[in-house]
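Here's the structure we're looking at; comments come further down.
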Amino acid sequence: QVQLVESGGGLVQPGGSLRLSCAASGFTLDRYAIGWFRQAPGKEREGVVCISRSDEARYYPDSVKGRFTISRDNAKNTVYLQMNSLKPEDTAVYYCARDWGILGSCTNISGLYEYWGQGTQVTVSS
């Protein structure tokens, strides 16, 4: 049974940091691309960052480049999203997702991801 469980969200002040975790089970992590998406209230879900099965990272909104870093620990079957210099506009529910495993390459198209976690809330506010 495939499961993705996000954790690490919370309330942080602007300029602060959080590290989100996506714990995977039921499949071999390094055979798939894993993406992080976010959805803010009243907005569409958007791709934030992805790591391919060959460990290439793609960052999608220019606003997160240089601030967010994705990494993978295959031994722990976990993908991490390190978020630094957080801004109020980063406030959203963050989801991790696993692709269908056909290509294993990165995309920010949500329909190309097969499994999703339940999400973790990130709130950036003073």
Side-chain angles (χ1 to χ4, degrees):
Q1 180 181 356
V2 173
Q3 277 194 315
L4 298 167
V5 180
E6 302 96 336
S7 61
L11 173 64
V12 64
Q13 292 187 341
S17 298
L18 283 174
R19 188 176 80 156
L20 305 184
S21 299
C22 173
S25 59
F27 66 97
T28 303
L29 187 63
D30 62 3
R31 295 182 182 176
Y32 297 87
I34 303 295
W36 282 97
F37 289 74
R38 66 186 180 185
Q39 188 165 20
K43 295 187 176 180
E44 293 187 356
R45 188 173 297 187
E46 67 168 348
V48 177
V49 61
C50 168
I51 187 165
S52 72
R53 63 183 176 196
S54 58
D55 281 345
E56 292 182 51
R58 291 271 182 93
Y59 299 87
Y60 294 108
D62 287 340
S63 61
V64 307
K65 293 177 181 177
R67 299 189 298 120
F68 289 12
T69 304
I70 190 170
S71 61
R72 186 209 307 262
D73 186 333
N74 292 327
K76 294 183 178 180
N77 238 32
T78 301
V79 175
Y80 301 99
L81 178 61
Q82 179 67 43
M83 305 187 296
N84 298 327
S85 302
L86 283 161
K87 303 175 181 180
E89 52 263 42
D90 294 319
T91 295
V93 178
Y94 284 71
Y95 301 89
C96 65
R98 193 207 82 175
D99 79 341
W100 289 83
I102 298 173
L103 297 177
S105 55
C106 278
T107 176
N108 63 344
I109 300 173
S110 59
L112 296 182
Y113 288 83
E114 182 179 9
Y115 291 98
W116 293 78
Q118 82 290 348
T120 186
Q121 176 71 47
V122 171
T123 302
V124 185
S125 175
S126 54

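Model, not experiment: these values are computed from the prediction. Side chains are part of it too, since the values below use all heavy atoms of this structure and drop only hydrogens, waters and symmetry mates.
- Using a 4.5 Å heavy-atom threshold, the side chains of Arg53 and Asp30 count as separate.
- Figure legend: Arg19 and Tyr80 shown as a cation-pi pair, the cationic atom lying under 6.0 angstrom from the six-membered ring centre and within 45 degrees of its axis.
- Although no hydrogens or angles enter the test, the distance criterion places a donor-acceptor pair under 3.5 Å between the side chain of Glu6 and the main chain of Gln118.
- Side chain of Asn74 to main chain of Asn77: no donor-acceptor pair is present (N/O by atom type, distance under 3.5 Å, no hydrogens or angles).
- Side-chain contact between Val79 and Trp36: present, with at least one pair of heavy atoms (C-beta onward) separated by less than 4.5 Å.
- Side-chain contact of Arg38 with Tyr94: a donor-acceptor pair under 3.5 Å is present, judged by distance alone.
- Atoms CD and CD, from Gln3 and Gln1 in turn, are 5.0 Å apart once rounded to the nearest 0.5 Å.
- The two residues Ala33 and Gly104 have their closest heavy-atom pair at CB-O, 3.6 Å.
- Distance check: Ile70 CD1 to Ser52 OG gives 9.5 Å after rounding to the nearest 0.5 Å.
- No side-chain heavy atom of Leu81 sits under 4.5 Å from any side-chain heavy atom of Thr69.
- Summarising the local packing, CZ of Arg45 is surrounded by more than 12 heavy atoms from other residues, nucleotides or ligands at distances under 6.0 Å.
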- Item | side chain to side chain contact (heavy atoms under 4.5 Å, CB included) evaluation trace for Val122 with Thr91 | CA-CA 5 Å; Val122 171; Thr91 295; 5.8 Å; no
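- For the residue pair Ser17 / Asn84, a side-chain donor-acceptor distance below 3.5 Å is found, with atom types taken as modelled.
- For an aromatic pair to be called close, the ring centres must be under 6.0 Å apart, and Phe68 with Tyr59 fails this.
- In this structure, Trp116 has its ring center closer than 6.0 angstrom to the ring center of Phe37.
- Ser125 and Thr123 share no side-chain donor-acceptor pair at under 3.5 Å.
- The shortest heavy-atom contact between Cys22 and Leu4 is SG-CD2, 3.9 Å.
- At least one side-chain heavy atom of Cys50 sits under 4.5 Å from a side-chain heavy atom of Tyr60.
- Interatomic distance, CZ of Arg31 versus CG of Leu29, reported as 11.0 Å (0.5 Å rounding).
- The two atoms that bring Leu18 and Val12 nearest to each other are CD1-CG1, 4.1 Å, heavy atoms only.
- Around NZ of Lys65, the count of heavy atoms belonging to other residues, nucleotides or ligands within 6.0 Å exceeds 12.
- A heavy-atom distance below 4.5 Å is not found between the side chains of Ile34 and Tyr113.
- Considering only heavy atoms from C-beta on, Val64 stays 4.5 Å or farther from Val49 through its side chain.
- A donor-acceptor contact shorter than 3.5 Å is absent between the side chain of Asn108 and the backbone of Gly35.
- Side-chain atoms of Asp99 never come within 3.5 Å of backbone atoms of Tyr32 as a donor-acceptor pair (strictly under, hydrogens ignored).
- Between Leu86 atom CG and Gln13 atom CD the span is 11.5 Å, to the nearest 0.5 Å.
- The pair Lys87-Asp90 fails the salt-bridge criterion, with no side-chain N (NZ, NE, NH1 or NH2) lying under 4.0 Å from an Asp/Glu carboxylate O.
- The closest side-chain heavy-atom distance from Arg67 to Met83 is not below 4.5 Å.
- We find the CG-SG distance between Leu112 and Cys106 to be 11.5 Å, quoted to the nearest 0.5 Å.
- Within a 6.0 Å sphere centred on CD of Glu56, heavy atoms belonging to other residues, nucleotides or ligands number 12 at most.
- Ion pair Asp55/Arg72 flagged as a salt bridge, since at least one NZ, NE, NH1 or NH2 atom sits closer than 4.0 Å to an Asp/Glu carboxylate oxygen.
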